[in-house]
There are 2 protein chains.
Amino acid sequence: MPIALDLMGGDAAPESIIAGAAQAIREDGQSLLLFGHQDHCAALLKQYELSEGDAPFIHCDDVVPMDAKPARAMRQRASSMAQALKAVAEGRAGAAVSAGASGAFMALGLRELGRLPGVSRPAIALTLPGYPMRRMFLDGGANTLCSPGMLEEFALMGSIYAHLVLGIARPRVGLLCNGEEDGKGTDLTRAAADLMAANESFNFTGYAEGNDLFQGPFDVIITDGFTGNVCLKTLEGTVRFVVDNLKRELKADLVSSLGGLMAKGAFGRLKKTLDPRHHGGAPLLGLNGVAIVAHGRSDALAIRSALRVASNCAQQEVSSTMVEQLRSLDEQRQSTKG
Amino acid sequence: MPIALDLMGGDAAPESIIAGAAQAIREDGQSLLLFGHQDHCAALLKQYELSEGDAPFIHCDDVVPMDAKPARAMRQRASSMAQALKAVAEGRAGAAVSAGASGAFMALGLRELGRLPGVSRPAIALTLPGYPMRRMFLDGGANTLCSPGMLEEFALMGSIYAHLVLGIARPRVGLLCNGEEDGKGTDLTRAAADLMAANESFNFTGYAEGNDLFQGPFDVIITDGFTGNVCLKTLEGTVRFVVDNLKRELKADLVSSLGGLMAKGAFGRLKKTLDPRHHGGAPLLGLNGVAIVAHGRSDALAIRSALRVASNCAQQEVSSTMVEQLRSLDEQRQSTKG
């Protein structure tokens with residue numbers, strides 16, 4: 001089944017998206033459906049030598065702006081973003097990918113695809129680099145306020161995703177907290193830890209801290225969307241600060257700058273590890289269908305890796321695997337209530 | 001007035017603390033009172049050639065362990081940590097410095113020094129490196145749960161500190177949040193932002209995000225202790241991940257490793273920027289007296305910079321400057337209630 005790609009979302013759309021589509025088709029043999037506005041795309045499709053035979057182009061009258069509020073995007077039924085999701089809902093595509101406004105994509109995803117049974121709210125699941133293994137982090141910011149039960153659902157979904165897509169046998173799930181001692185944690189983290197410890201369908205291994213994001217003994221780290229957003233932006237800002245400082249210092253004396261030139265192989269590999277473009281898109285876990293958020297600043301490379309994630313998710317039937325386990329969580333909850 | 005130094009707190013205490021004291025006395029001309037257990041310190045004081053003439057040594061029967069819970073530390077009245085704080089309370093020292101358990105130090109500080117009038121709870125105020133300027137970040141983790149009024153107090157105290165100690169004319173104060181759009185923020189951040197915007201005794205400039213910690217348009221960033229702890233540990237973990245990766249990559253090929261050797265001047269300067277040891281200790285703002293937390297992993301250099309911060313705070317009369325402004329905040333609050 002092809003992947004539905006929104007050509008109009010992203011800071012450098014549609015050109016970077018079309019460039020990514022061309023690479024994905026030629027290098028990765030991806031099968032795509034392209035959703036975009038004809039006036040903005042026709043010349044670029046020609047430039048990147050993409051014909052209807054390579055990937056069908058579906059004209060959409062409307063475009064969701066990058067700063068669109070979800071409520072506005074909901075009214076734009078003819079947008080390329082909405083139409084790409086609709087293709088998934090109608091079984092014409094296996095997954096949808098957009099680098100457009102993520103709040104709008106989530107809202108439209110909820111309308112077009114709905115939630116999996118038993119899911120209160122979907123979460124944005126990011127893949128972080130890590131040593132020695134990549135790891136999952138969710139919620140990346142979709143839900144500012146979370147209940148303990150939502151965090152339990154995130155843990156279940158994140159664990160299934162890490163197993164199917166990252167190939168981790170029995171992912172170790174940690175709950176982000178400010179320490180383990182008495183008096184640490186909030187009502188939310190304490191209640192969520194109790195639920196997670198009692199749930200045997202995933203491997204809850206305890207509290208994680210901010211310094212465990214890359215190198216700690218966890219494969220999946222769970223938090224609410226407020227803390228998740230602050231954490232991810234802190235991480236981004238810190239990487240940028242370190243890299244900017246390194247660049248400044250390498251220019252500050254002649255010997256260092258020569259050394260820097262010689263070490264450019266090492267810097268290139270470091271950049272690749274840290275560059276979010278190589279870590280693919282972030283699935284909206286909990287939607288009844290595969291929807292992948294690509295970074296707003298996506299270039300061709302980032303789009304290509306988001307498309308790879310999308311096709312993995314579609315092939316692994318991530319959503320349908322989740323359905324069964326979410327049903328058993330739901331049954332447990334009903335029986336606890338009754 | 002001398003600074004009271006707890007020789008027994010810190011992972012490498014008492015040796016690294018005594019080494020730092022010796023440097024501070026000789027290089028910075030600091031006047032110190034040394035609190036420690038005789039059996040652990042006598043030989044080291046001799047080794048570092050510190051006599052009673054250099055700094056009086058006060059024997060204390062008890063030692064607060066690094067993993068001490070505050071409740072336990074509260075019972076250890078004869079500990080070096082408690083005695084150092086008592087010296088400040090009794091006017092024998094201008095400030096107290098400890099690299100011991102920070103929760104215990106806060107609890108003992110509250111008992112020995114009390115709070116400034118109008119302060120609900122003291123906060124741990126960290127100085128972060130930044131470009132082009134250093135900046136303040138609080139609460140670094142003392143208060144997991146905060147009220148909007150507490151965040152307003154942190155903003156006022158952080159602003160005064162940044163002015164007096166970092167020398168920033170009119171510090172720009174930001175409130176850490178997950179964005180500015182509708183639906184972002186929590187009840188806490190919204191209520192705190194309202195209070196902060198209405199308070200004219202500091203310069204509230206709006207919401208900050210995680211990526212503003214180092215390079216954003218803020219001099220002081222305010223958050224609750226849960227988010228603050230997660231944020232700081234994320235920052236530490238990210239720096240370590242980037243640096244570890246860089247080291248690995250520099251070793252991975254011969255040309256890069258030669259380049260790395262040549263660029264060691266640049267790496268040294270980068271390390272100095274990122275190394276928390278150069279940023280001094282973190283004051284417990286809101287105590288009625290100066291108490292400075294040094295990093296648990298403090299070496300001599302870190303102790304020396306914490307002592308420098310302590311003596312700056314004592315000289316600038318940080319606490320007494322805060323008293324006036326806190327009083328006017330308190331009066332405002334009373335009149336709003338009445």
Side-chain angles (χ1 to χ4, degrees), chain A residues 69-70 103 129-131 141 144-145 176-179 181-186 209-216 223 225-227 229-246 249-250 252-253 255-267 269-270 273-274, chain B residues 69-70 103 129-131 141 144-145 176-179 181-186 209-216 223 225-227 229-246 249-250 252-253 255-267 269-270 273-274:
Chain A
K69 291 192 177 166
Y131 188 79
T144 301
L145 288 180
L176 193 60
C177 197
N178 61 337
E181 307 87 340
D182 289 351
K184 300 286 181 176
T186 59
E209 298 191 53
N211 46 358
D212 291 319
L213 253 60
F214 293 112
Q215 310 195 74
T223 190
F226 179 89
T227 312
N229 175 289
V230 168
C231 218
L232 288 169
K233 287 189 179 153
T234 297
L235 193 160
E236 273 184 33
T238 306
V239 168
R240 196 176 331 130
F241 181 69
V242 176
V243 170
D244 286 357
N245 260 284
L246 181 58
E249 296 302 353
L250 283 172
D253 68 279
V255 182
S256 288
S257 39
L258 287 172
L261 285 175
M262 287 177 70
K264 72 179 178 186
F267 293 135
R269 292 187 296 269
L270 177 68
T273 302
L274 298 176
Chain B
K69 292 191 176 167
Y131 189 78
T144 301
L145 288 179
L176 193 60
C177 197
N178 60 337
E181 308 88 340
D182 288 352
K184 299 285 181 177
T186 59
E209 298 191 51
N211 46 358
D212 292 319
L213 253 59
F214 294 112
Q215 310 195 77
T223 190
F226 179 89
T227 312
N229 174 289
V230 168
C231 218
L232 289 169
K233 287 189 179 153
T234 298
L235 193 161
E236 273 183 32
T238 306
V239 168
R240 197 176 330 130
F241 181 69
V242 176
V243 170
D244 287 357
N245 260 285
L246 180 58
E249 296 301 354
L250 283 171
D253 69 279
V255 181
S256 289
S257 39
L258 286 172
L261 286 174
M262 287 176 70
K264 72 179 177 185
F267 294 135
R269 292 188 295 270
L270 176 68
T273 303
L274 299 176

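Here is the naming used below: chain letters follow the sequence lines, and residue numbers restart at 1 for every chain. Bear in mind that the values here come from a model prediction, so they are computed numbers and not experimental data.
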Practice item. Begin with the C-alpha distance, continue with both residues' side-chain angles, and end with the deciding distance and a verdict on side-chain contact (heavy atoms from CB on, under 4.5 Å) for L176(B) and C231(B). Key: CA-CA 10 Å; L176(B) 193 60; C231(B) 218; 3.9 Å; yes

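Most heavy-atom pairs under 4.5 Å with chain A: of the set G179(B), P70(B), C177(B), this distinction falls to C177(B). Between chain B and the options Q215(A), E236(A), E209(A), heavy-atom pairs under 4.5 Å are most frequent for Q215(A). Counting heavy-atom pairs under 4.5 Å between each of G225(A), P129(A), G260(A) and chain B puts P129(A) at the top. For the set V243(A), V255(A), V239(A), the entry with the most heavy-atom pairs within less than 4.5 Å of chain B is V255(A). In terms of heavy-atom pairs under 4.5 Å with chain A, the best-connected choice from G130(B), G216(B), G141(B) is G130(B). Note on T186(A), L145(A), D212(A): by heavy-atom pairs under 4.5 Å with chain B, the leading option is T186(A). In terms of non-hydrogen atom pairs under 4.5 Å with chain A, the most contact-rich of L261(B), L235(B), L258(B) is L235(B). Heavy-atom pairs under 4.5 Å with chain A were tallied for G210(B), G103(B), G237(B); the largest tally goes to G210(B).
With 3.5 Å as the limit, one finds no donor-acceptor pair spanning the side chains of N211(A) and T234(B).
The shortest non-hydrogen separation linking E249(B) to S256(B) is O-CB, 4.2 Å. A pairwise comparison of heavy atoms in G185(B) and T144(A) identifies O-CG2, 3.2 Å as the closest pair.
Contacts of L250(B) with chain A are made by both backbone and side-chain atoms, with heavy-atom separations under 4.5 Å.
For S257(B), there are no side chain to side chain donor-acceptor pair (under 3.5 Å) partners, not counting sequence neighbours. Scored by the ring-ring contact (aromatic ring centres under 6.0 Å, His included) test, F214(B) finds F241(A) as partners (sequence neighbours excluded).
Results of the side-chain contact (heavy atoms from CB on, under 4.5 Å) test with V242(B) over T273(A), L274(A), L246(A), T238(A) single out L274(A) as the only residue that passes.
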